[in-house]
Amino acid sequence: MAKESLTEAQERIETLKTLLNRYSYEYYVLDKPSISDKEYDQQYHELEKLEKAHPELITNDSPTQRIGGTILPGFTKVQHDSPMLSLGNAFNQEDLLQFHQRISKLTGQPLQYICELKIDGLAVSLKYENGLFTQGATRGDGNTGEDITQNLRTVKAIPLRLNEPLTFEVRGECYMPKASFVQLNADRDEKGLEIFANPRNAAAGSLRQLDSSIAASRNLSIYLYSATNFEQLAVETQDALLNRLAQVGLRTNPERRLFDSIEEVWAFTEEIAAKRKDLPYEIDGIVIKVNAFAAQEEIGYTVKAPRWAIAYKFKAEEAETIVRDIEWTV
Ligand code: NMN
């Protein structure tokens with residue numbers, strides 16, 4: 001009898017974990033919930049209750065296990081699978097043209113570019129083993145970062161389990177949405193605590209906490225944009241890679257575009273600069289990449305950065321305007 005009920009509990013726990021992880025994905029990654037909060041909360045509490053009765057059945061990918069509850073004595077170092085490179089910068093149309101001419105000379109081929117928004121947060125790397133989120137780290141010096149797994153587990157948009165049993169490292173930008181930043185500073189101000197200068201500092205400060213319950217209270221999100229070891233994904237372009245990452249359950253920014261000329265890329269930077277203040281997150285530029293991986297390999301790398309990509313940076317004054325705009329909406 002006891003054995004049977006244990007099997008039943010195990011089956012129900014598995015069902016609830018799968019359902020809740022899917023609802024959480026729809027809610028936090030797709031922004032498209034398929035059930036009400038009330039129904040979600042009911043199932044979450046049912047899972048909590050079952051796990052309390054059968055603690056031996058609690059697994060790491062359970063939605064109830066996002067917050068570890070232990071306070072770390074310090075952060076340990078993590079070696080990245082391959083270096084997290086930085087990007088060269090462009091500050092105006094001339095710089096972009098030069099970038100285009102430089103790399104066009106290296107391949108005889110016409111180039112297609114993919115433009116992605118450069119989110120102003122903290123670059124992080126996530127390791128998945130057989131589809132399970134096992135380790136998260138800061139960029140650090142590019143080769144070695146700090147292990148912030150406990151804090152990243154609290155970021156609801158990071159799936160604890162992917163839809164496919166992949167083993168790889170994905171990279172992206174963890175950030176604080178503008179609305180969360182405004183709310184956080186208002187709360188801190190009320191409590192007489194020092195306010196954060198901008199969402200980037202607030203996100204970085206949250207991820208450097210040794211107590212993961214602080215990060216959990218900060219409402220962070222993430223966009224993923226690259227992966228190591230991606231041969232297994234059978235993709236040949238950055239655009240296809242982003243689509244695959246989204247397919248396995250990772251959050252990617254839909255605000256990306258493909259262009260066949262650098263003039264169109266420039267027009268896109270102007271279009272985004274104009275609507276920058278209306279975006280729900282801060283950006284400090286546009287990342288422009290050669291879309292085809294074969295062309296990227298042909299163009300190659302300098303010691304520090306890929307030659308096939310560049311970060312177009314918006315002017316600093318505009319960034320200050322954004323921060324003021326946010327303050328005005330409090
Ligand atoms: O801490 P979690 O489990 O993510 O929940 C926080 C809040 O977000 C809860 O109030 C919950 O109802 C809501 N939520 C709703 C859905 C849904 O599908 N309606 C999914 C995840 C979280």
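All ligand and atom numbering here is 1-based and tracks the order in the structure.
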**Q** Do the two ring centres, one from F91 and one from Y312, sit under 6.0 Å apart?
**A** no
**Q** For the pair F133 and Y128, name the ring-plane relationship: parallel under 30°, tilted 30 to 60°, perpendicular over 60°.
**A** tilted
**Q** Just to be sure I understand the cut-off, which residues have at least one non-hydrogen atom under 4.0 angstrom from an atom of ligand 1?
**A** Y23, Y27, Y28, P33, I35, S36, D37, Y40, D41, Y44, K156
**Q** How close do E255 and K275 get, counting heavy atoms only, and between which atoms?
**A** OE2-NZ, 2.9 Å
**Q** Using atom types as modelled and distance alone, determine if a side-chain donor or acceptor of K178 lies under 3.5 Å from a backbone N or O of L279.
**A** yes
**Q** Apply side-chain contact (heavy atoms from CB on, under 4.5 Å) to the pair V265 and I262, showing each step before the final yes or no.
**A** CA-CA 5 Å; V265 168; I262 203 73; 4.2 Å; yes
**Q** Taking side-chain hydrogen bond (donor to acceptor under 3.5 Å, both in side chains) as the test, write out the residues that go with E169, two or more places apart.
**A** S125, R171
